[in-house]
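A short worksheet on the structure shown next.
None of the values given here were measured: they were computed from a predicted structure. Side chains are part of it too, since the values below use all heavy atoms of this structure and drop only hydrogens, waters and symmetry mates.
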Amino acid sequence: MAAVTLALIAFFGFVIMRVTAPQMTTLFTDLSYEDSSGIIKELDRQAITYELKNDGAIIMVPKDKVTRLRMKLAEGGMPKGGGVGYEIFDKSDALGSTSFVQNINHLRALEGELARTIKGIDRIQAARVHLVLPERPLFSRETPEPSASIVLRVRGSLEPQQVRAIRHIVASAVNGLKAERVSIVDETGQLLANGSSSDGSSEANGDDRRTAYENRMRDQVEQIVSSVVGSGRTRVQVSADFDYNKITQTSDKFDPEGRVLRSSQSREESSATADNNGQVTVNNELPGSQQQNGAVTPKDQSKKSEEINNYEISRVTKTEVTEAGRINRMSVAVLVDGSYVKNASGDTVYAPRSKEELDRIATLVRSAIGFDQKRGDQVEVVNLKFAEAPATIPDIEQNGLLGLFQFTKDDIMYFIELGVMSLLGMVVMFMVIRPLVKRVLTEDAASKAPVAPALPDATATSGQPQIASNPNATAQMIDVAQVQGQVHAQSVHRVGELADRNPSETASIIRQWLTEPA
């Protein structure tokens with residue numbers, strides 16, 4: 001009984017401590033050692049319980065104090081994110097510092113703020129920024145361009161759009177910095193962005209554009225084909241041939257039918273020659289000699305007319321500029337799995353798809369990618385059996401009870417713990433406490449049952465009555481009977497009080513006694 005009592009006390013003590021213990025939740029994650037030490041010092045000062053996980057990178061506190069602690073720590077500028085920001089200028093000793101120190105502090109603050117901003121992007125755990133802001137040398141007409149280098153620690157891999165976004169964020173935050181002058185490296189030493197403004201950057205942008213286009217088209221084709229054949233039963237590969245040459249073409253077109261009179265010029269000439277018999281005299285050559293000799297009829301007459309018309313022919317000048325990145329040709333390969341049906345024996349067997357169904361799928365794919373036969377596009381849809389049949393995993397609906405009550409994972413685990421503890425408590429109640437109570441009540445009832453005293457023999461060997469010869473024994477038996485009567489009365493009274501206090505338990509015990517065999 002003592003061991004069972006101690007075990008029950010320990011069990012219920014554990015249940016009470018487990019239930020009444022505060023529910024812990026995450027305060028901050030991915031903390032540096034400097035931030036963790038500062039936050040722990042503040043929690044110790046406020047006498048708040050906490051837990052450390054992942055070598056101090058995760059700090060957990062009671063759930064009801066998370067919001068207040070975050071606001072309180074944010075008021076003190078924690079966590080700092082592993083760098084120094086503009087809070088470096090909050091110190092009061094800036095009056096006696098030199099301009100060189102102020103410039104260095106400004107550079108440190110700018111690097112720290114950029115690192116914090118970059119760290120806020122998804123998949124980035126930590127960032128370190130180095131800025132080079134050269135000053136213009138004396139007596140120099142050219143100013144050196146600033147540059148930047150960034151080292152990232154990422155989870156998984158970054159998308160090309162994210163890399164370009166980081167470069168533009170840094171370039172926009174620093175005066176005079178161009179995005180092409182920002183180089184990005186991950187923790188493995190892989191170059192994500194080149195910091196040189198050469199032609200290679202344009203080629204890299206072209207490759208990123210082609211990759212993004214192929215991924216987008218593949219997602220569209222997979223989505224439309226999966227709706228027909230089922231999720232996980234199709235594989236799509238898209239290959240696009242891009243032309244990155246920029247072409248500028250200028251052409252002139254003349255229309256002879258569309259002529260217009262621009263200018264017109266007319267000229268007429270007439271002349272006459274008289275007959276003088278071929279004599280050449282001074283008199284013939286003198287002016288007025290013909291009037292003296294009389295009228296002379298000219299022998300030769302000539303007349304000349306000239307007309308010049310200038311026409312303007314209509315002209316069309318056309319200049320076409322074809323930007324880089326146009327699609328020359330596209331190829332799409334679609335692999336679809338067959339259907340799985342049950343035969344007469346109830347086994348699941350593979351059934352290939354019909355040619356009509358494959359033609360319909362090919363038609364859908366052509367419509368999705370903008371198929372152009374003149375461009376030389378090609379679409380192939382092939383039906384083959386996959387190596388393993390795709391397992392159908394039902395999606396978890398978040399719009400059910402979890403979405404209605406907004407339960408989190410911690411809340412669900414807490415309810416599960418309460419259910420397990422309640423179940424264990426019921427098992428202990430029915431398997432341990434109930435048999436013990438039943439046993440105690442049974443022993444008490446058996447001890448309180450009346451016991452008939454043993455009567456002596458009627459006659460002794462001498463033939464005389466035994467009662468008359470032994471009066472002390474008779475008195476002792478009477479005393480014992482009185483004591484047993486008093487005990488029996490007290491027991492009956494106690495049982496009656498128990499029955500009055502617990503009528504339902506008394507009725508169940510009596511029913512159990514009635515059902516037990518005699």
Subject >> For Leu131 against Ala148, the heavy-atom pair lying closest together >> reply: CD2-CB, 3.5 Å
Original post:
Counting heavy atoms not belonging to Asn343, are there more than 12 under 6.0 Å from its CG?
Top reply: yes
**OP:** Indicate the atoms forming the closest heavy-atom contact of Met330 with Val238, along with that distance.
**Re:** CG-CG1, 4.4 Å
**OP:** Measure from the side-chain N and O atoms of Arg329 to the backbone N and O of Asp241, and report whether any donor-acceptor pair falls under 3.5 Å.
**Re:** no
Subject >> N/O donor-acceptor pair under 3.5 Å between Arg233 side chain and Val336 backbone >> reply: no
**OP:** Write down the atom of Pro134, the atom of Pro146, and the distance for their closest heavy-atom approach.
**Re:** CD-CA, 3.8 Å
Original post:
Is a side-chain donor or acceptor of Arg70 paired with a backbone partner of Leu27 at a separation under 3.5 angstrom?
Top reply: yes
Subject >> Salt-bridge present (Arg116, Glu113; N to O < 4.0 Å) >> reply: yes
Subject >> Short side-chain to backbone donor-acceptor contact, Ser331 and Ser239, under 3.5 Å >> reply: no
**OP:** Could you tell me which non-hydrogen atom of Phe386 sits nearest to which non-hydrogen atom of Gly232, and how far apart they are?
**Re:** CE2-O, 3.8 Å
Original post:
How about Arg123: does its CZ atom have over 12 heavy atoms from other parts shown lying under 6.0 Å from it?
Top reply: yes
Original post:
Would you say Gln125's side chain and Arg155's backbone share a donor-acceptor pair under 3.5 angstrom?
Top reply: no
Original post:
Any donor-acceptor pair under 3.5 Å linking the side chain of Ser367 with the backbone of Thr363?
Top reply: yes
Original post:
Would one find more than 12 heavy atoms of other residues, nucleotides or ligands at under 6.0 Å from atom CD of Glu135?
Top reply: no
Original post:
Do Arg167 side-chain atoms and Ala179 backbone N/O form a donor-acceptor pair below 3.5 Å?
Top reply: yes
Original post:
Are the side chain of Arg353 and the backbone of Asp337 linked by a donor-acceptor contact shorter than 3.5 Å?
Top reply: yes
Original post:
What pair of heavy atoms forms the shortest contact from Pro62 to Ile48, and how long is it?
Top reply: CD-CG2, 4.2 Å
Original post:
So does Glu142 have more than 12 non-hydrogen atoms from other groups sitting under 6.0 Å from CD?
Top reply: no
**OP:** Return the minimal non-hydrogen interatomic distance between Lys385 and Tyr340, and the atom names on each side.
**Re:** CG-OH, 4.2 Å
**OP:** I would like to know whether Arg45 and Glu42 meet salt bridge (charged side-chain N to carboxylate O under 4.0 Å, His left out); could you show each step before the answer?
**Re:** CA-CA 5 Å; Arg45 190 182 64 83; Glu42 181 67 20; 2.5 Å; yes
Original post:
For the side chain of Asp243 and the backbone of Arg326, is there at least one donor-acceptor N/O pair under 3.5 Å apart?
Top reply: no
Original post:
Does Gln223 CD have over 12 foreign heavy atoms under 6.0 Å away?
Top reply: no
